[in-house]
Amino acid sequence: MTDAARTPDRADEGPEELVDGPPRGPLGFEAAYSAYGPMVYRLAMVYLGRRADAEDVVQEAFIRLLHRSPGFADGEHERRWLLRVAVNLCRDQLRGFWRRRTVELEPGLPAREEGDLGLAEAVVALPEQYKGPIHLHYWEGYSVAEIGEILKLGQSAVKMRLKRGRELLKKEMEGM
């Protein structure tokens with residue numbers, strides 16, 4: 001590709017023609033975003049519970065895919081890598097300054113009652129250590145071994161977190 005072909009004032013070329021080299025990963029960036037973007041977003045929503053924060057995590061995960069991704073063996077390797085990056089970004093946000101600096105709502109403000117929680121919202125309300133395994137197992141269909149790889153946990157730890165997470169969900173759903 002010549003320097004003239006890379007100039008942004010050429011209206012006949014799309015942005016994909018302006019990128020150097022082959023697409024990263026087996027799917028290419030746009031195909032990876034289409035295939036894995038909703039899954040990364042759902043995982044971020046489970047961890048963070050806020051739409052804007054989840055969108056930030058998705059954006060940052062795919063920026064890292066574009067700029068820092070390793071060579072992937074296949075699409076599954078790419079998918080697991082993105083999930084791992086998303087989990088790490090969510091944890092970083094949860095430890096961040098702005099998350100710790102929250103204020104309780106005033107008593108007179110209208111808010112939903114705790115009994116109004118659905119199953120998805122109950123999962124979001126779980127402690128952080130149970131959210132990821134529950135979501136990855138029941139919504140994304142990963143096995144215990146695969147969840148262990150993604151979250152960097154042993155299989156027994158994943159099984160225990162699934163068990164305890166289910167117990168907490170059961171208590172929450174029965175209390176409604």
Are V158 and M160 connected in a single hydrophobic cluster, I mean Ile/Leu/Val/Met/Phe/Trp/Tyr linked by side-chain heavy atoms less than 4.5 Å apart?
no
Do Y138 and R166 have side-chain N/O donor and acceptor atoms under 3.5 Å apart?
yes
Measure across G71 and H77 and return the closest heavy-atom pair with its distance rounded to 0.1 Å.
O-CE1, 3.7 Å
Heavy-atom side-chain contact between V87 and R91 under 4.5 Å:
yes
Are W81 and Y41 joined in one hydrophobic group, where the rule is that I, L, V, M, F, W and Y side chains link up if heavy atoms are under 4.5 Å apart?
yes
Taking the side chain as every heavy atom from C-beta outward, state whether F72 and L65 have any atom pair closer than 4.5 Å.
yes
With salt bridge (charged side-chain N to carboxylate O under 4.0 Å, His left out) as the criterion, how do E128 and K131 come out once you've worked through the C-alpha distance, each side chain's angles and the decisive distance to 0.1 Å?
CA-CA 5 Å; E128 179 187 344; K131 290 178 186 182; over 6 Å; no
When you look at CZ of R64, are more than 12 heavy atoms from neighbouring residues, nucleotides or ligands closer to it than 6.0 Å?
yes
Less than 4.5 Å apart, side chain to side chain, heavy atoms only: is that true for F62 and L82?
yes
Is there side-chain contact between P127 and L168, with at least one heavy-atom pair below 4.5 Å?
yes
Just do the salt bridge (charged side-chain N to carboxylate O under 4.0 Å, His left out) check on E167 and K171 with the steps written out, would you?
CA-CA 6 Å; E167 289 171 356; K171 285 180 186 175; over 6 Å; no
Closest approach of V40 to A86 (non-hydrogen atoms, all atoms of both residues):
CG1-CB, 3.8 Å
Taking the side chain as C-beta and beyond, is there a heavy-atom pair between Y33 and V58 under 4.5 Å?
yes
Please step through side chain to side chain contact (heavy atoms under 4.5 Å, CB included) for the pair W139 and V46, ending with a clear verdict.
CA-CA 11 Å; W139 273 278; V46 165; 5.7 Å; no
Which is it for E140 and R42 under the side chain to side chain contact (heavy atoms under 4.5 Å, CB included) test, yes or no, and what are the steps along the way?
CA-CA 9 Å; E140 303 300 339; R42 286 190 304 267; 3.0 Å; yes
H137 ring center near Y142 ring center (under 6.0 Å)
no
About how many Å separate CZ of R80 and CG of L151, when rounded to the nearest 0.5 Å?
11.5 Å
